[in-house]
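Have a look at the structure below, then the notes.
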Amino acid sequence: MKIARALGIVLILIVVILAAAAAYFVATFDEARIKREAVQAVKERTGRTLVIAGDLGLSFWPSLGVKAEKVTLSERDGKENFVAFESAHVSVRLWPLLSRQVMVDRIDLDGLVLILKCDADGRLNIDDLLQSKDDKPGEAGDEPPQGLPQFDIAGIDVSNARLEWHDQQAKRDIVLSPLDFATGRLKSDVQGMSFRDLKFATRGKLDSDGVDMKLELPRVERQGENLAIEKLDLEVKLNGAQRKATGTVTLDRIEGTLKAHKAASLSLDANAKLGDKSFTAKLASPLALDLDAGIATLAQLRGTVSVDVPGSPKRPLQLPIEAQLESNYRAPSASGKVKTKFD
């Protein structure tokens, strides 16, 4: 009975605290003032126009937080939209609110539209957002910001998004839609940064063919300059009237620094069909990357490549592969040795 009574008292205290926090939020929340101050602050700091056309209010379910609807941020000239979203919900933790500290718990974003541009001179439409306060307008800072921002977020969920890339230099336009992005816990402190259960999925077009892509990262850890990735899974599908292809790339146990790292194993499983011709490949090798030099090395590439072409004397043609390859993707150039056997 004493335990039940104690639990009852604790539950009552929690309910009272929750009610008090909710009452404080409601009593001090001024939608018009917050909108006005947010628009003014964004204009002063970026020169861009922020518009909150929908409601900006409090939410109490499924968690305590702030919800905004129909928000847009303009390009620097104010004529076109740079980013927009239909709705966003930012959940906050209750206990820090009691000491007037706001700590984000979760971020949910729906209907995001992000438009990135590169002009003929190579300038990006986000250059002004990346420059430091001491930079001259239009000039990016020479030094990156010192230190990592500290955060601890239970998760981020972006759904029904659209990403546009317009490159006047390369004369190329890329659109990814719909795009979904989700994570587990994200944490950054003075020791480093970690991510859990990062998932990315999108759909786009290559010429007139549809492209589906999925990326999953169960765990990413950064401690100082050291980087560790438990596993990376990438799947790409191409679906068209004349060509179809599926490719899966898996990287296991990626370790090293931000400038150079190694994967214990890279495996590729691919198959493609172009008209009446088909191709399959199953390959694996350790991988080493030197990002400063731009060099990727596959020291022990092993596997099988199969080619099926109508009219060939043997269908399909099976090719065992043993190779050592090195590629400079900045040049670009490649060199190495390949050993195979024809029947």
Side-chain angles (χ1 to χ4, degrees), residues 17-117 124-133 135 137-138 145 149-164 177-183 186 188:
I17 292 172
L18 286 170
Y24 172 80
F25 248 59
V26 172
T28 58
F29 190 86
D30 185 340
E31 179 182 356
R33 177 181 60 82
I34 293 175
K35 280 186 177 182
R36 184 172 60 252
E37 291 180 356
V39 170
Q40 182 179 352
V42 169
K43 192 69 174 180
E44 291 176 352
R45 296 181 183 181
T46 69
R48 297 172 182 247
T49 301
L50 174 69
V51 176
I52 307 175
D55 293 334
L56 177 66
L58 299 174
S59 64
F60 299 95
W61 181 264
S63 59
L64 183 64
V66 177
K67 186 173 183 178
E69 297 178 340
K70 299 188 182 306
V71 177
T72 62
L73 179 65
S74 75
E75 295 281 7
R76 188 168 179 82
D77 59 13
K79 296 179 180 179
E80 298 178 334
N81 285 342
F82 162 64
V83 66
F85 58 83
E86 285 296 314
S87 67
H89 181 263
V90 180
S91 305
V92 296
R93 299 178 187 176
L94 177 62
W95 294 109
L97 289 176
L98 302 180
S99 56
R100 297 188 177 184
Q101 294 180 348
V102 178
M103 294 184 66
V104 174
D105 186 53
R106 184 169 184 84
I107 300 173
D108 294 285
L109 198 58
D110 182 62
L112 172 70
V113 178
L114 176 61
I115 303 172
L116 299 175
K117 298 178 181 179
L124 300 176
N125 63 336
I126 58 172
D127 283 344
D128 60 298
L129 299 176
L130 300 178
Q131 68 186 30
S132 66
K133 294 181 179 179
D135 294 331
Q150 296 188 31
F151 55 81
D152 189 348
I153 303 174
I156 296 176
D157 193 339
V158 179
S159 57
N160 302 314
R162 178 183 176 92
L163 173 62
E164 298 184 18
S177 177
L179 184 151
D180 296 310
F181 175 81
T183 73
L186 295 85
S188 173

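We count residues from 1, following the sequence as given.
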>> Treating N125 as the side-chain partner and I115 as the backbone partner, does any N or O pair qualify as donor plus acceptor under 3.5 Å?
In response: yes
>> Just verifying a value: how many Å separate I153 CD1 and S188 OG, rounded to the nearest 0.5 Å?
In response: 9.5 Å
> Rounded to the nearest 0.5 Å, what separation is found between the CG atom of D128 and the CZ atom of R76?
Replying inline: 5.0 Å
> Just wondering, are more than 12 heavy atoms of other shown residues or ligands nearer than 6.0 Å to CZ in R33?
Replying inline: yes
>> For the CG atom of D30 and the CZ atom of R36, what is their distance to the nearest 0.5 Å?
In response: 7.0 Å
>> Pair F82, L114 - check side chain to side chain contact (heavy atoms under 4.5 Å, CB included), show working.
In response: CA-CA 6 Å; F82 162 64; L114 176 61; 3.8 Å; yes
>> Whether the side chain of E31 engages the backbone of L56 through a donor-acceptor N/O pair (distance < 3.5 Å, no angle test) should be reported.
In response: yes
> From S159 OG over to L179 CG, what is the distance, rounded to the nearest 0.5 angstrom?
Replying inline: 10.5 Å
> Measuring from L112:CG to E86:CD, what's the distance to the nearest 0.5 Å?
Replying inline: 10.5 Å
>> Under the rule for side chain to side chain contact (heavy atoms under 4.5 Å, CB included), what residues qualify as partners of E80, not counting sequence neighbours?
In response: E75, K117
> side chain to side chain contact (heavy atoms under 4.5 Å, CB included) between V158 and F85: does it pass, once the steps are laid out?
Replying inline: CA-CA 10 Å; V158 179; F85 58 83; over 6 Å; no
> When you look at NZ of K70, are more than 12 heavy atoms from neighbouring residues, nucleotides or ligands closer to it than 6.0 Å?
Replying inline: no
> For R162, which residues count as a salt bridge (Lys or Arg N to Asp or Glu O under 4.0 Å) partner, sequence neighbours excluded?
Replying inline: E164
>> Restricting to non-hydrogen atoms, name the atom on L109 and the atom on A88 that form the minimum distance, rounded to 0.1 Å.
In response: CD1-CB, 3.4 Å
> In Å and rounded to the nearest 0.5 Å, what is the OG to CG distance from S91 to D108?
Replying inline: 6.0 Å
>> Just by distance, no angles: are the side chains of K43 and T49 close enough, under 3.5 Å, to form a donor-acceptor pair?
In response: yes
> Is any side-chain heavy atom of L129 closer than 4.5 Å to a side-chain heavy atom of T46?
Replying inline: yes
> What heavy-atom pair brings I156 and R106 nearest, and what distance separates the two atoms?
Replying inline: N-NH1, 4.1 Å
>> Quick check against the 3.5 Å criterion: does T72 have a side-chain atom that pairs as donor or acceptor with the backbone of A84?
In response: no
> Where the side chain of D180 meets the backbone of N160, is there a donor-acceptor pair that is under 3.5 Å apart?
Replying inline: yes
